[in-house]
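For reference, the structure is listed below as structure tokens.
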Amino acid sequence: MPMEKTFDAKAAEPRLTALWQAAGAFRAGANAKPGAGPFSIMIPPPNVTGALHMGHAFNNTLQDVLTRWHRMRGDDVLWQPGTDHAGIATQMVVERELAKEGKVGRREMGREKFIARVWEQKKKSRGNIRAQLERLGASCDWSREAFTMSGAPGAPAGEEGNFHDAVIKVFVEMYHKGLIYRGKRLVNWDPQFETAISDLEVEQTEVDGFMWHFKYPLAGGASYEYVEKDADGNVVLRETRDWISIATTRPETMLGDGAVAVHPSDERYAPIVGKLCEIPVGPKAHRRLIPIIVDEYPDPLFGSGAVKITGAHDFNDYAVASRAGIPLYRLMDTRANMRTDGPRYAESVAVAMSVARKECTLSEAEIESVNLVPDELRGLHRFRRPEDTEPQARERVVAQITAEGLAVMTRADDPRLGKTRPGPDPGPRAEPGAAAGEEVPGQARDGVDLVPLVEARKIMQPFGDRSKVVIEPMLTDQWFVDTARIVQPALEAVRSGRTKIIPPSGEKTYYHWLENIEPWCISRQLWWGHQIPVWYGPGVDEQGRFTRDFSFRFCAVNDEEALEEATREYRRLANFNPDEIQVFADESVARQKLLDLREAEWKDIRAQQRDEFEELDWTVLPIYRDPDVLDTWFSSGLWPIGTLGWPEPTPELARYFPTSVLVTGQDILFFWVARMMMMQLAVVDDIPFRTVYLHGLVRDAKGKKMSKSLGNVIDPLEVIDEYGADALRFANAAMASLGGVLRLDTQRIAGYRNFGTKLWNACRFAEMNGVWEGHATRSEPPKASATANRWIIGEAARMRAEVDEALAAFRFDQAAAALYGFVWGKVCDWYVEFAKPLFDGPQAGETRAVMAWVLDQSLILLHPIMPFVTEALWQTTRADPGLLCHAPWPTYGEDLVDREAEREMRWVTGLIDAIRSARAEVHVPVGLKLGLVAVDWDAAAKAAWGRNEALIRRLARVEALTEGAAPKGSVAIPVEGATFAIPLAGVIDIAAEAARLQKALEKVEKDLSGIRGRLANPQFLASAKEEVVDEARARAETLEAEAAQIGAALARLRAMGGPG
RNA sequence: GGGCGGUUAGCUCAGCGGUAGAGCACUACGUUGACAUCGUAGUGGCCACUGGUUCGAUCCCAGUACCGCCCACCA
């Protein structure tokens, strides 16, 4: 059956995928030679409900190239696939689905049902990622597909696996080593998902914002002399003030201020340091007073130099407040609405005031219960969102202060005011300027009118990377990994070179981050994830009485063990009957249970005798599990060992860990790579991978980030539909130069599709000429006598070396370039053309054998990058093919390079090029066959001609050769060791030929003058390396000869008496 | 503000001490025993700028400008 003109990727790809799968071709260890060393890659797990995007396509192409390459080389290969449960992202997807289906929300559903629903969703989308990766040709071992939540409680059948065990085990161990701790800290709070997130999940974005300036009156009407000086110390302003000026971008947080801070060196405020000032919000009768303190943090040159300190809602303020012992007053709830809980405002203020006056100190819990939000602001959102029709807390606060005359005023024409007034918060995606409320109405220009100073300015605002809402710093109890204590080995592993990061700039970034690492907040207030294995029970006070604060903690691997441990502990403390301790899933139920106990039962249990104790109607002592789940990155941080079965001592773990290479985007260097390094080293005391290959973000052809809103997203599956997976893969490989920006251009993909067609047609040509008949694949080339055959064998050997070298150095672009250049530039452009005349000659047999070998090598060496078209060709061109993906990778060296043949082919192709070029320049019709005259040639040229005459005549389209002087009206063809002439009397324009030769001569002379100049410089001769000098001499000789030949031709032309 | 990159043909990028390269695009010609998803020939570059090192710099060093990315951030 004759081959089609093009490769039908659409039909072939599924067929080949099935062929590979049926053969188990990608199983761990498939095609491994006896005694082979391991090569393992862990896939960066995509989100389980996700879809493959271009970044994945790129990333997985590179992994697959490496995997296929090593597998063909006979290494013991594992490419471990799997997916990530992706806490926030997946929970978001499912909640959205629920909303779309009009079903009850997550909270109404309850935790257990909701998690079951997420597992359903997982089942639904299961196979998506796999199918998409298979379309790309990814040769993962799907029989080992892993999932970061496998084996978790509630996991349905088919999700057995022990990844969950691994995660819990690590938590428990780290807990007991003190590497994980719980604490009340200021964390980044996402009010959309109502969870804490880590620093890395916060995006700082510049948005249009406003800065308000307010007066905080001094307590009791006190006043001071405010003196402002310029840089030279001259007094520029002196006035008596009974207030201090404060600037803020977040007026609503004023309610929680604990102090006003100034720099210790700031003379302006020295007179009032230590005094109290008034927060100008809330009912006048209950104004709160706060101290004016000194701290290094305020910048005297910025704003008024005085900063309000809101320890519970700002990271810098938190640090100041901690240093100064200023209480931290939380103002908002989990949705960033102003708190509605706790005592009324008046009562809360009274408590806060007595703290400020140092009349009493409060415990953390007591501070927590204080709600300083004025009653009329309670329940409002922190600021007005687009969907809010009414002013929220921020606007109300501003209005109150302004109405009271405590806004700092300025001339209406103050340029700082900007054109707009504060409106609803625009969110991060809004266009610049969209923060606009209404335009400021025209003002009198005489300078008399004064308006509140509200500066319009760009401010950096933190947004949740998934929710895109403004992050609120919140004071909450969270779990942290004490990263400072596990970071050193991770740093050391890279410093020492045990793990290598490429490109090297990645190492610098890695060091920089790890050397300045912050504690890692690992608890998330979500439901989908690994629930933290910690249980809380009632505490026991010094008198041995139970307390209601659930301050006892037990860390264990599951409910049963937690119960056992709790029993042990309570028995020790209170001689307690284990049957009476129960685990509750829900904190509030547990607390209620505890409240239900009669007051008597609380009293001094330890003192009770056992029998007395039993008389009490004591039903149960509740303990409950921490409702939070772990940060997704905590579990994916264990991906390398977790997928290999750890903590079980599996053979795969022994075989494939540490893994060979991690291929991933540099955007998750911190999120994932650094954490895997730290965790693997902390848990199993070994590096997770020997090499980390980092690549950039895939962008569109113009270098823009692909995004739905820009509409420039290129779907890899659509690309595969249109051009085939091989084209996309080749484009990906070709883009992958180290450290470059990745711009994906569909034009380029089309070009590589054409490359596949080119290869296809070269094979089709071979097939039509019976090249494959009786051919057996072998790594050593057949013996050849024809120069072209000897030459192409050497070219193949060079290419093979280049490909191996490039892949070993992760230079996928260079490997791709070498293959492209060989297949198209050497095989198709020259060798196939040479073969045509050779097939008619005495060397037809050897030529067929060599062509078969050369195409075999092309298929083998291209296979890692273009698996489909190469496998398809492999299958169609031989009777008993086996699988190309298991074909042995060649190892022959450059000893196959035949220098003699190479030199001769250079001469032959040079002559052909020169003739073609000359013909084109003097406009000889392509179809016209011309005579050729050897005007002058040496023995080598004669011999080369003799051996390759048929090839030259065919490709240069010339007739038989004659010897003799250049005929009148001929074109001169100077080549090494010979000058040829093409008789064109009457056909050519002598002037045009003269111009052509003149141009050629000028170029040669320009080159020559450079080299002569260098050779004439004694310092060059003295300092340059010997071979450089020799090379220059040789080059000069060649150029001189060429110049002479052209000169002679020109002279002949002139002698002919032409117009030139 | 700190860190890391980049600036080479119209475009996208290689190269990185001694002849400036590729692909695409462009121009002209072309149904030549596989391929028009093609062939042949060609046009196109003070290798960002300024200094320095060197016999010699696109390449090494310093500075400048512009462009990216990451981290931190002034209330």
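Letters A, B, ... are given to chains in the order of the sequence lines, protein chains preceding strands, and every chain is numbered from 1. The structure presented is a predicted model; accordingly, all values stated were derived computationally and were not measured.
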**Item:** Pairwise 5' ranking along RNA chain B for A:K1003 and A:L200, keeping only the more 5' one
**Value:**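 This one resolves to A:K1003.
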
**Closest-nucleotide ordering on RNA chain B, the 5'-leading residue of A:G506 and A:F670** =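 Nearest nucleotide further toward 5': that of A:G506.
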
**Request:** Using a 4.0 Å cut-off on protein heavy atoms (strictly under), produce a 5'-to-3' string for nucleotides 43-48 of chain B with B for base contact, S for backbone-only sugar-phosphate contact, and - for none.
**Result:** S-----

Side chain of [X] - closest among [options]:
X	options	result
A:R1014	B:C24, B:G18, B:A34	B:G18
A:D1007	B:U19, B:U32, B:C73	B:U19
A:V926	B:C29, B:G2, B:U12	B:C29
A:K5	B:A34, B:C35, B:U12	B:C35

**Prompt:** Mind checking the C1' distance from B:C55 to B:U50? Whole angstroms is fine.
**Reply:** 23 Å

Over all strands shown, is [X] touching base, sugar-phosphate only, or nothing at heavy-atom distances under 4.0 angstrom?
X	result
A:Y820	sugar-phosphate
A:T509	nothing
A:G305	base
A:D295	nothing
A:M768	sugar-phosphate

Please determine if [X] forms a cation-pi arrangement with [Y], meaning its NZ or CZ atom is less than 6.0 Å from the six-membered ring centre and no more than 45° off the ring axis.
X	Y	result
A:R394	A:F383	no
A:R848	A:F839	yes
A:K758	A:Y752	no

Hey, is the side chain of [X] poking within less than 4.0 Å of OP1 or OP2 on [N], counting only N and O atoms?
X	N	answer
A:R916	B:G42	no
A:K758	B:C35	no
A:K508	B:C70	no
A:R811	B:G15	yes
A:W824	B:A34	no
A:S917	B:G42	yes
A:R1035	B:U19	no
A:N761	B:U37	no

**Asked** For A:E203, does the CD atom have more than 12 heavy-atom neighbours from other residues, nucleotides or ligands under 6.0 Å away?
**Response** yes

**Request:** For RNA chain B, find the residues of residues 827-836 of chain A with a heavy-atom distance under 4.0 Å and give them by number; none if there aren't any.
**Result:**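 By residue number: A:C828, A:D829, A:V832, A:E833, A:K836.
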
**Item:** Proximity to RNA chain B (any heavy atom under 4.0 Å), residues of residues 1017-1027 of chain A only
**Value:** A:N1017, A:Q1019, A:F1020, A:S1023, A:A1024, A:K1025

According to the Watson-Crick and G-U wobble definitions, with both distances under 3.5 Å, which nucleotide is paired to [N]?
N	answer
B:G23	B:C11
B:A34	none
B:A48	B:U64
B:C29	B:G39
B:G18	B:C55
B:C74	none
B:C69	B:G3

**Asked** Between the main-chain N or O of A:V926 and the side-chain N or O of A:R919, is there a donor-acceptor pair closer than 3.5 Å?
**Response**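 Yes.
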
**Request:** Mark yes or no for whether A:N769, through its side chain, and A:F765, through its backbone, hold a donor-acceptor pair below 3.5 Å.
**Result:** yes

**Side-chain H-bond candidate by donor/acceptor type, A:H313 with A:E252, under 3.5 Å** = no

Any salt bridge linking [X] with [Y]? Criterion: basic side-chain nitrogen under 4.0 Å from a carboxylate oxygen.
X	Y	result
A:R1012	A:E1040	yes
A:R1033	A:E1031	no
A:R764	A:E767	no

**Asked** Is any N or O donor-acceptor pair between the side chain of A:R753 and the base of B:U37 shorter than 3.5 Å?
**Response** yes

**Item:** Distance-minimising heavy-atom pair for A:A788 and A:Y831
**Value:** O-CE1, 3.9 Å

